[in-house]
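What follows is a single structure, written as structure tokens, with notes after it.
All of these numbers come straight from a predicted model, not from anything done at the bench.
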Amino acid sequence: MLMDDERKVENYLMNIGYHRLSGYIYPFYISPKSDLQLKEGTTFEQVLTLYRFDKKLRILLFKMRLKR
């Protein structure tokens, strides 16, 4: 996995957690997923973008549920 700034990556892993972020790496694996090989050019930023999108979506859906 490509990383621009290892310090930033370490910070994200400390704050968000490896286990939470590891689920967002899954779409970037080459099939079969059991080999755990990432697609060439996969970046940490791509994983983080997917995490952020999911977080925003969860918050939006939770707010909509509260309005019902």
Within-4.5 Å side-chain heavy-atom neighbours: Tyr29 and Leu38: yes

In one Ile/Leu/Val/Met/Phe/Trp/Tyr side-chain cluster, 4.5 Å: Phe44, Tyr26: yes

Partners meeting side-chain contact (heavy atoms from CB on, under 4.5 Å) with Asn15 (sequence neighbours left out): Asn11

Rounded distance [0.5 Å steps], CG in Leu13 versus OG in Ser22: 10.0 Å

In one Ile/Leu/Val/Met/Phe/Trp/Tyr side-chain cluster, 4.5 Å: Leu36, Met1: yes

For residues 46-65, run the donor-acceptor check on the side chains, cut-off 3.5 Å, and write out each pair with its distance to 0.1 Å, sequence neighbours left out.
unit_1	atom_1	unit_2	atom_2	d
Gln46	OE1	Thr43	N	2.8
Thr49	OG1	Glu45	O	2.8
Arg52	NH2	Tyr12	OH	2.8
Asp54	OD2	Tyr24	OH	2.4
Asp54	OD2	Arg58	NE	2.9

Of all pairs that satisfy salt bridge (Lys or Arg N to Asp or Glu O under 4.0 Å), the ones with a partner from residues 5-30, not counting sequence neighbours: none

